[in-house]
Amino acid sequence: MTPRRIAVAVPAVLALVLALAACAALRPGAGDGAGYAGFPPGHAPDGFDESPRATLLDDGSVLAITTWGSSSCHREVDQVEWDGALARVHLGRAGGAACTADMAAYTNELDVPEASAGRITEVELTYEDWDGVDRLTVE
């Protein structure tokens, strides 16, 4: 292979590897704070309901928080406090200054500490850009 072809091939291969790595981080079920568009597999609501939701997955070892908003400026978990059966979750906002004017579900999955696994019954959501508090019963 000539040096010119190598110079063209290496960036292309690196771009492909980075794209595949980004897709892997968005796969449902990660439990490590990773997020993805939509609902946890098998946990979509029957009708349209844009209320935030909290769902325990994997026998209580993963807490899934689903919120609604712009698909380009979704909510991201930036702080979690585990307190027995309560999880206090603070959500920031991803994206830039301008957001799309659509409404989409986005889910963040968090590993539940062993001391709280299977015991989380309530979630208290606070937000970076809103002073309100959502108190959720875990499904």
Side-chain angles (χ1 to χ4, degrees):
M1 193 177 249
T2 68
R4 178 168 164 75
R5 286 186 183 204
I6 291 173
V8 171
V10 168
V13 169
L14 286 175
L16 178 62
V17 168
L18 289 173
L20 291 174
C23 290
L26 298 176
R27 188 174 328 125
D32 59 2
Y36 51 89
F39 295 94
H43 293 276
D46 292 332
F48 182 76
D49 178 9
E50 60 187 57
S51 302
R53 301 167 59 106
T55 309
L56 280 177
L57 307 172
D58 299 336
D59 295 326
S61 65
V62 174
L63 176 63
I65 305 291
T66 304
T67 57
W68 287 83
S70 168
S71 62
S72 65
C73 297
H74 59 267
R75 305 260 184 207
E76 288 184 335
V77 173
D78 61 12
Q79 185 178 357
V80 180
E81 179 185 329
W82 306 98
D83 186 9
L86 173 67
R88 291 184 183 92
V89 179
H90 186 266
L91 299 169
R93 186 178 67 87
C99 302
T100 55
D102 61 348
M103 196 64 131
Y106 190 84
T107 298
N108 289 276
E109 290 189 359
L110 304 166
D111 287 326
V112 177
E114 193 171 316
S116 296
R119 296 182 43 221
I120 300 295
T121 59
E122 289 185 271
V123 174
E124 182 179 279
L125 292 180
T126 56
Y127 303 86
E128 170 187 314
D129 55 356
W130 181 57
D131 290 333
V133 176
D134 283 320
R135 288 183 173 80
L136 311 176
T137 301
V138 176
E139 299 174 11

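Sequence positions, counted from 1, serve as the residue numbers for this chain.
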Answer yes or no: are there more than 12 heavy-atom neighbours, outside D102 itself, under 6.0 Å from its atom CG?
-> yes
Which residue pairs satisfy the disulfide (SG to SG under 2.5 Å) criterion with at least one member in residues 77-127, sequence neighbours excluded?
-> C73-C99
If you look only at pairs with a residue in residues 66-76, which of them pass as a salt bridge (charged side-chain N to carboxylate O under 4.0 Å, His left out), with sequence neighbours excluded?
-> R75-D129
For T66 and G38, work out which heavy atoms get closest and say how close.
-> CG2-O, 4.1 Å
Return the set of residues passing side chain to side chain donor-acceptor pair (under 3.5 Å) with T67 (not counting sequence neighbours), or none when no residue passes.
-> none
Output side-chain donor-acceptor pairs under 3.5 Å for residues 130-139, partner residues at least two apart or in another chain, one line each.
residue, atom, partner, partner atom, Å
D134, OD2, Y127, OH, 2.4
E139, OE1, R53, NH2, 2.8
E139, OE2, R53, NH2, 3.4

Side chains of residues 41-51: which donor-acceptor pairs under 3.5 Å do they make with residues two or more places apart or in other chains?
residue, atom, partner, partner atom, Å
D49, OD1, S51, N, 3.1
D49, OD1, S51, OG, 2.8

Pairs satisfying disulfide (SG to SG under 2.5 Å), at least one member in residues 110-139, at least two apart | none
Atom CG of L63 and atom CG of D111: how far apart are they, to the nearest 0.5 Å?
-> 10.0 Å
Residues 82-95, side-chain donor-acceptor partners within the protein, below 3.5 Å, at least two apart:
residue, atom, partner, partner atom, Å
D83, OD2, R88, NH1, 3.2
R88, NH1, E81, OE2, 3.0
H90, ND1, D78, OD1, 2.7
R93, NH1, G96, O, 3.3
R93, NH2, G96, O, 3.4

Can you sort out the partners of S72 under side chain to side chain donor-acceptor pair (under 3.5 Å), two or more places apart, ordered by chain and number?
-> S70, T100
Would you name the heavy atoms of D58 and S61 that are closest together and state the gap between them?
-> O-OG, 2.8 Å
At their closest point, which heavy atom of A54 faces which heavy atom of I65, and how far apart are they?
-> CB-CD1, 4.1 Å
Kindly state each residue pair satisfying disulfide (SG to SG under 2.5 Å) with at least one member in residues 100-139, sequence neighbours excluded.
-> none
